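The block underneath contains the structure these notes are about, expressed in structure tokens.
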Amino acid sequence: MARTRRPLIAGNWKMNGLRADALALAGELASGMKQAGWNDRELLICPPATLLAAVAEAVKGSGVFVGGQDCHAKASGAHTGDLSAEMLRDAGASHVIVGHSERRTDHRETDAVVRAKAEAAWRAGILPVVCIGETLAEREAGRTLGVLEAQLSGSVPAGATAAKLVVAYEPVWAIGTGKTPTTAEVAAAHAHIRKVLGSLMADAGAVRLLYGGSVKGSNAVELLAAGDVDGALVGGASLKADEFLAIAKAA
Ligand code: PGA
């Protein structure tokens, strides 16, 4: 069953990277991917939008996908500073992260906003990676599964299919902290996510569910082995080629 879901290792560079370093990193990842000859897993990197086109060019032909970190819901218009999914695609993106907890917190994005952004990705012909996850307070209050259910119901658009959706489970308290849930906790969350998706779409069994939050080379094997985990969304460790490739190898 797991083999029908091709693992996806996604790197979210966040607001990091100036041209020279970013292109060097992209080049290392492209040659690492080529050398490994992986055709049973996918690698995705999401650089800052300023570097999207240059990074897309740098990894061309390597099989490494390039994505945006966010998009606006509209295709164009008077939205100063924003970027549409169409623009990301035009710059070389095949994917876009939507609803990352930093967007939900820093920009007060609601589930409805995230859903509109996922729909925008479909409209533009790129694949949304919809992020959900509970805060520490929510986990400590025993509300994790309920929070995930509410976020999924609110953020996943009607008409979703496994080919058009990737979901990333990222406990907010695990992002950038070095803390991770136990594999049992990850497996429980992912099983619940797949169950909830089952009520929202026909082929939930085939949707790829990524785990994100302090994934690194040294814990990737363990985290990726948890039930219903089909890859990782990696922040800090995606900024180092050897770490990111070690995580990809673990998949
Ligand atoms: P981290 O970030 O790997 O640095 O914890 C993960 C993310 O925010 O996607």
Side-chain angles (χ1 to χ4, degrees), residues 7-17 21-22 25-26 29 42-49 51-52 55 64-71 88 93 95-109 114 117-118 121 127-136 138-139 144 147-148 151-152 155 165-183 185-186 189-190 193 208-226 229-251:
L8 172 64
I9 304 301
N12 173 10
W13 292 4
K14 308 191 180 183
M15 197 170 74
N16 295 294
D21 287 346
L25 174 57
L29 295 175
E42 294 176 355
L43 263 58
L44 165 68
I45 50 180
C46 300
L51 293 168
L52 206 46
V55 167
V64 174
F65 293 104
V66 175
Q69 298 176 8
D70 173 52
C71 67
L88 300 180
H95 298 61
V96 62
I97 297 168
V98 295
H100 189 279
S101 77
E102 286 149 19
R103 300 289 314 177
R104 290 178 184 264
T105 303
D106 298 354
H107 301 270
R108 296 187 166 70
E109 291 187 6
V114 175
K117 291 181 175 202
L127 186 59
V129 178
V130 176
C131 302
I132 57 171
E134 82 286 359
T135 62
L136 187 58
E138 288 163 344
R139 173 162 286 268
T144 299
V147 167
L148 299 180
Q151 287 179 332
L152 281 173
S155 308
L165 180 73
V166 174
V167 172
Y169 167 56
E170 299 203 300
V172 177
W173 52 272
I175 295 176
T177 58
K179 293 184 189 142
T180 56
T182 63
T183 49
E185 287 167 337
V186 173
H190 279 229
I193 290 167
R208 284 175 299 172
L209 307 183
L210 313 185
Y211 167 77
S214 297
V215 179
K216 46 190 187 210
S218 57
N219 63 16
V221 169
E222 196 188 341
L223 288 165
L224 287 165
V229 174
D230 309 308
L233 180 53
V234 185
S238 73
L239 295 170
K240 294 192 198 109
D242 53 348
E243 276 285 310
F244 192 63
L245 290 169
I247 295 165
K249 194 173 169 202

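Every number for a ligand or one of its atoms is a count from 1 in the order of the listing. From a predicted model like this one, the values you see are computed outputs, not experimental measurements.
- Partners of H100 by ring-ring contact (aromatic ring centres under 6.0 Å, His included), not counting sequence neighbours: none found.
- Ligand 1 is surrounded by N12, K14, H100, E170, A174, I175, G176, G213, S214, L233, V234, G235, G236, each with at least one heavy atom closer than 4.0 Å.
- Using modelled atom types, one side-chain atom of S214 and one backbone atom of A174 make a donor-acceptor pair closer than 3.5 Å.
- Proximity of a side-chain donor or acceptor of E185 to a complementary backbone N or O of T182 within less than 3.5 Å is detected.
- Looking at L127 and R208, their side chains come closer than 4.5 Å, going by heavy atoms from C-beta outward.
- The side-chain hydrogen bond (donor to acceptor under 3.5 Å, both in side chains) check on E102 picks up K14, with sequence neighbours excluded.
- Here F244 pairs with nothing under the ring-ring contact (aromatic ring centres under 6.0 Å, His included) rule; sequence neighbours left out.
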